[in-house]
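Below is one structure, written out as C-alpha cells; comments come after it.
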Amino acid sequence: MEEDGGRVIAILLISQLFLLDEPDDAYIVKSNPIKLRCRARPALQIFFKCNGEWVHQNQHTSLEHTELGTGLKIREVMINVSRQQVEDFHGPEDYWCLCVAWSHLGTSKSRKATVRIAYLRKNFEQEPQGMEVPINGMIVLHCRPPEGVPAAEVEWLKNEELVSSIEDINIDTRADHNLIINEARLSDSGNYTCLASNIVARRRSATATVIVFVNGGWSSWTDWSECNVRCGRGVQKRTRTCTNPAPLNGGAFCEGMSVQKSTCTSPCPEDGGWAKWTMWSVCSSECERQRTRECTDPEPKHGGRLCDGAALDTDNCTGDLCIQVIVYFSSKSFSFFLADMDSNNDVALYSGLAAGVVTVVVLVIAVTLYRRNQSEYGVDVIDSSALTGGFQSFSFKSARQGNPLLMNSSMQPDLTVSRTYTGPICFPDSMEKELIPEPALFDPLPDLKVKVHSSFMVSLGGGGTLGGRGKSQLAPVQSALLSSMMTGKRPLRTSGVFGHGGGRLVVPNAGVSLLVPHGAIEEDTTWELYMSITHALSDEGQEILLSPEVTYGPPGLTLSCPVALTIAHCADVNSEDWNIKLKRQTQDNSWEKVMTVEEESTASYCLLDTQCCHLLVERPGCYALVGEALTQEAGKRLRLAAFGNMESNFLNYSIRVYCVNDTPHAFQEVVSVERGRGGRLLEEPKTLLFRANSFSLQVSIQDIPQFLWSIKPFTTCQEFSFSQVWCSSQSPLQCAFSLERYSPAANQLSCKISVRQVKGHEQILQVYTTIAESEKDTVPFFTQSDCTITSQTGSRAFKIPLSIRQRICATFDTANAKGKDWQLLAQKLHIDRNLGYFACQTSPSAVILSLWEAQHQERGDLDSLASALEEIGKVQSKHSTSVDTLDCISKTIPSSDSTMNRSSEELDANHT
C-alpha cells in the first residue's frame with residue numbers, strides 16, 4: 001500500500017504544470033530583433049503578454065514534442081520583439097514581456113523579461129589625465145566610461161597593450177574603473193588609454209602620459225686626494241657624484257657640493273748625511289783592510305736625496321808588498337794584467353779560464369740570434385690540431401705590436417679574449433681565388449677571429465701561415481670572405497639537381513640544410529630539389545615559433561628512404577620545461593602537428609641538439625618547430641647585437657640594439673638591414689637566455705662620457721614587454737639611442753649597453769669606437785661569410801665513403817640470435833630513442849647513418865664512428881664472425897688525418 005501511494009504522488013508531481021524555460025532579459029543591438037522563448041510541461045497553450053496586453057496568436061511560433069520516459073507533452077513558444085516596438089512604447093517602466101501556460105491542471109506564469117535598446121555614448125564622463133610621479137610613488141588614473149546600456153566594461157591599455165592586474169600584483173584595476181599602481185617603477189612610464197566597451201560599441205579615451213622620474217642622490221665621498229704641493233702648505237680635495245641614483249626623466253638634481261676642499265701640509269724633503277767611519281778591519285789574507293759608514297746623519301726623509309760617495313773603503317795593509325792578480329773581461333776581447341808572476345804554469349791556468357769564458361759568450365750570442373730570427377714570423381701556433389692536419393680547427397695568436405696587418409693600431413687587442421664567430425652550415429669554396437682584401441672592412445672589431453667549419457680557423461688581426469699544406473692560406477680566406485660580404489645578398493631559396501647518388505643542399509647563412517641519402521632517388525632519374533625559408537606561421541596562443549619555416553620540394557617528389565632536414569632553433573633544450581612540436585603546413589595553408597619531440601612516432605624522427613634539430617621526413621612540404629612553455633623556467637636564446645653610425649649632421653651618433661631569436665637566419669635579417677643603413681658592428685653579438693617568467697626586457701645605456709657626449713632625455717632606459725620578446729619570431733626587436741657630441745673634435749665614444757630581463761639574466765655590450773668624419777665604406781662591419789657553393793652531389797657530399805656505408809648496412813641489417821644489430825649501432829651512436837621508427841625502414845642502418853651524417857656535417861670526424869664500431873665488436877665478442885667483420889670495417893674507416901686532403905671518390909676507390 002505504501003508503494004502504491006508513493007507511485008501516485010510521483011505521477012502527480014510529474015504531471016504538474018511546470019515552466020521549463022522562462023524568457024530572459026534581452027538587448028536590441030542596432031535594428032536586429034530579439035527572440036523571447038517560453039517552454040512548459042505539460043501545456044495545452046502558451047501565450048505571451050507584453051506591457052499588460054496579450055500578443056496576437058499569429059505572432060507566436062509554437063513547437064510541440066513528447067518527452068521520453070514520462071510521455072508528457074512539452075510545448076515551446078517563441079515571439080520576436082523589434083526595435084520599433086520598443087521605441088513606440090511609452091510607459092513608466094521598461095518594455096516587458098511574460099508568458100502564461102495553460103493545462104487541465106491549471107495555469108503558470110513566468111517572470112517579467114525586460115527588453116531594452118542597447119547603446120553607448122561617445123563621450124567619457126571622466127578621462128584619465130597625464131601625471132609625473134616619483135619612483136615608488138602611487139599612480140592613480142581616473143576613468144568614468146560613457147553612459148550606455150548595458151553598462152560599459154573598462155579595460156586599460158599601456159602603449160597599446162592590455163594591462164593585466166593578474167600578471168602584475170602591483171597594479172589594481174578593480175577600484176571603480178580606476179587604474180592604481182601602488183609603487184611606481186621606471187617601466188610604468190608610458191601612454192595609458194581607458195577602453196570602454198559593451199555589446200554595441202567600443203570607445204577610447206584621450207591618452208594620458210605617465211612619467212616616472214627619479215630624483216638624484218649623492219654617492220659616497222671618495223678618499224681625500226694627495227696634497228697638491230710636495231713641500232709646505234697646500235690643498236687636498238674629495239668628490240662625490242649625483243649617481244646614487246642618477247636623476248632620470250626630469251628628476252631633481254642633487255643639492256649641495258660635489259667637491260670638498262681642505263688645507264694640508266706636506267713635509268719638505270730632507271737630504272741624507274754620512275755618519276763617521278768605523279774602525280779599520282783586521283788585515284785579510286788578500287792583504288786588505290776595510291771600513292764602512294752609513295747614511296744616517298741624518299737619514300733621508302720625505303723624498304730627500306741619498307748620500308753622495310762610497311759607503312765602503314779598502315786599503316792595502318802591507319805597504320803594497322802582497323802579490324795581487326787583477327783580471328778584466330769584455331764582450332769583444334779580454335786582457336790579463338799579472339803582477340809579479342814568476343811561474344809559466346800560472347799563465348797557462350789563466351789562459352784556459354779565459355778560453356772557457358769566450359766559449360760561453362759565443363753560445364749566448366748564437367742562441368739570441370736564433371730566437372730573433374724565429375720571432376720575425378710574428379705568429380706562434382698554439383693549437384696542436386694545426387700539427388695533426390685533422391678536422392679539428394686551429395687558431396693563431398694575435399700579431400705582435402707593430403704588425404702592419406692590424407686594422408686599428410690605436411686599439412690594443414685583448415689577447416685573453418677569443419673573439420670567434422661560428423658560421424652556419426656552409427660548403428668551403430676554393431681557396432685559390434685571386435681577390436683583393438679591403439682592410440677598412442674590419443675596423444670596428446680588431447683582432448677578429450673567424451671560424452670556418454670545414455677545417456680551419458684564422459685570425460684576421462694578424463699574419464700567419466696555415467698548417468697542413470705548407471703554404472699561406474690567409475690572404476685567400478680574407479678575400480673570399482670580403483667578396484661574399486660585398487654582394488649584400490641573402491638568398492632565401494636554393495636548388496640543385498640530384499640523382500641516384502644523392503647529395504646535400506644548403507640555404508646560405510640560415511643554419512638549414514637537406515641531406516639526400518644515396519639511393520633515395522631511383523636510378524636513371526633526376527630531380528631538381530629546392531629549399532626556401534618562408535614567413536607563413538605566426539605565434540598562436542601559448543605556442544611560439546622556435547625556428548625558421550623551411551620548405552623543401554618539389555611537391556611530387558618520390559623517395560625510397562627519408563631525407564635528413566637540419567633546422568636551427570633558439571630553444572634552451574637543457575631544461576625539460578618545453579613541449580616542442582614539429583608542425584607541417586597543409587594544402588589549405590593551415591598547420592598540423594606531425595609529432596612532439598619526445599613522443600614515439602613512425603611517421604617522422606626528430607633529434608634535438610643544443611642549437612639544431614635534425615629531422616627524418618619523407619613528405620616534401622613546409623616544416624617548423626614550435627614550442628609551448630610548461631613552466632616559467634622554460635627559456636629561449638636571444639642574440640644581442642649593437643650597430644652604430646653617424647647621422648647626416650655629423651654631430652649625432654645613432655646606436656641601435658637588436659634582440660632576435662638566436663638562429664643564423666634571424667641574425668642575417670638584421671645584418672641585411674644594417675648593411676643598407678651603413679651601420680657598423682660595435683661589439684661581438686652575445687647570447688641572452690630569456691625565461692618564460694612574464695617579466696619584461698630592459699635595454700639601458702650607461703657610462704657615457706658626460707663632458708663629450710649627451711643623450712636625448714627619456715631614452716637612456718627602454719623596455720620591451722614580455723609578449724613582444726617572447727613572440728618576436730616575425731620581426732627583430734630594435735631600440736635606438738641617439739647621442740650628440742658637443743664638439744666635432746670628440747672622435748672617441750665608449751659606453752656600456754645593458755640588456756637584462758627583469759628578475760632574469762643580463763648581458764653587457766661594451767662599446768668602444770672611433771667616430772670618423774666620413775663613413776663611406778660600402779660594408780662597414782663584419783658578417784658571416786656567404787656560401788658560394790650551396791649544393792654538392794654524389795660521394796663528395798658525404799663523410800662516410802659509399803663502400804664502407806654499404807658494408808656497415810650489410811652487417812647490421814642482418815638479424816642474429818639477440819635481435820637486430822642495428823639497435824646496438826643506434827645505441828653506440830647515441831641515437832637510441834624512438835627505435836620503432838627505424839624498425840619500419842627497409843634498411844634501418846642506412847637511415848641511422850644518414851642521421852649521423854646530418855648531425856656531424858660540420859665536424860666531419862669519422863673517428864667517433866670507428867670508435868663506436870670498435871665498442872660494438874667488443875660487446876659481441878662471442879660472435880666471432882661479427883667481430884671479424886666489425887674489426888675490419890673499423891680499421892677501414894679513414895681517420896681525420898688521412899681524409900684531410902682527399903675526396904670521397906678517392907677514399908671509396910681505395911677501400912673498395
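What's counted below: heavy atoms across the whole structure, side chains too, no hydrogens, waters or symmetry copies.
- A donor atom on one side chain and an acceptor atom on the other are found under 3.5 Å apart for Glu719 and Ser696.
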Worksheet item: Given the rule in the salt bridge (Lys or Arg N to Asp or Glu O under 4.0 Å) test, do Arg656 and Glu674 qualify, once you have shown the distances and angles that lead to the verdict?
Response: CA-CA 9 Å; Arg656 295 173 296 279; Glu674 284 296 328; 2.7 Å; yes
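- Rounding to the nearest 0.5 Å gives a distance of 9.5 Å between CG of Asn51 and CD of Gln85.
- With ring centers used as reference points, Phe707 lies 6.0 Å or more from Tyr742.
- Between Arg204 and Glu160, at least one side-chain N (NZ, or NE/NH1/NH2) sits under 4.0 Å from a carboxylate O, which counts as a salt bridge.
- Shortest non-hydrogen contact noted between Asn693 and Lys759 is ND2-O, 3.5 Å.
- Looking at Arg741, its side chain never comes within 3.5 Å of a backbone N or O of Gln748 through a donor-acceptor pair.
- Looking at Asp25 and Lys112, no side-chain N of the basic residue comes within less than 4.0 Å of a carboxylate O on the acidic one, giving no salt bridge.
- Arg203 places a side-chain N or O within donor-acceptor distance of the main-chain N or O of Leu120, the cut-off being under 3.5 Å.
- The existence of a salt bridge linking Asp662 and Lys636 is excluded, since no basic side-chain nitrogen approaches an acidic carboxylate oxygen closer than 4.0 Å.
- Checked by atom type, the side-chain pair Glu147/Tyr119 shows a donor-acceptor distance below 3.5 Å.
- Ion pairing between Arg116 and Asp94 holds under the 4.0 Å rule for side-chain N and carboxylate O.
- Looking only at atom types and distance, the side chain of Ser694 has no donor-acceptor partner in the side chain of Glu167 under 3.5 Å away.
- Other residues, nucleotides and ligands contribute at most 12 non-hydrogen atoms within 6.0 Å of the CG atom of Asp223.
- Results of the side-chain contact (heavy atoms from CB on, under 4.5 Å) test with Ser754 over Leu765, Val699, Ile764, Ile701 single out Ile764 as the only residue that passes.
- A salt bridge links Glu543 with Lys583: at least one charged nitrogen is closer than 4.0 Å to a carboxylate oxygen.
- The aromatic rings of Phe722 and Phe690 sit parallel, their planes meeting at an angle under 30°, below the 60° perpendicular limit.
- Ring orientation note: the planes of Trp726 and Trp578 are close to parallel, at an angle under 30° on the 30°/60° scale.
- Here the side chain of Ser205 pairs a donor or acceptor atom with the backbone of Cys194 at under 3.5 angstrom.
- Legend: salt bridge (Lys or Arg N to Asp or Glu O under 4.0 Å) pairs involving residues 186-197, not counting sequence neighbours, sorted by first then second residue: Arg185-Asp188.
- For the 3.5 Å distance criterion, the side chains of Asn191 and Thr209 qualify, holding a donor opposite an acceptor.
- Under the 4.5 Å side-chain criterion, counting only non-hydrogen atoms from C-beta, Ile753 is in contact with Ile655.
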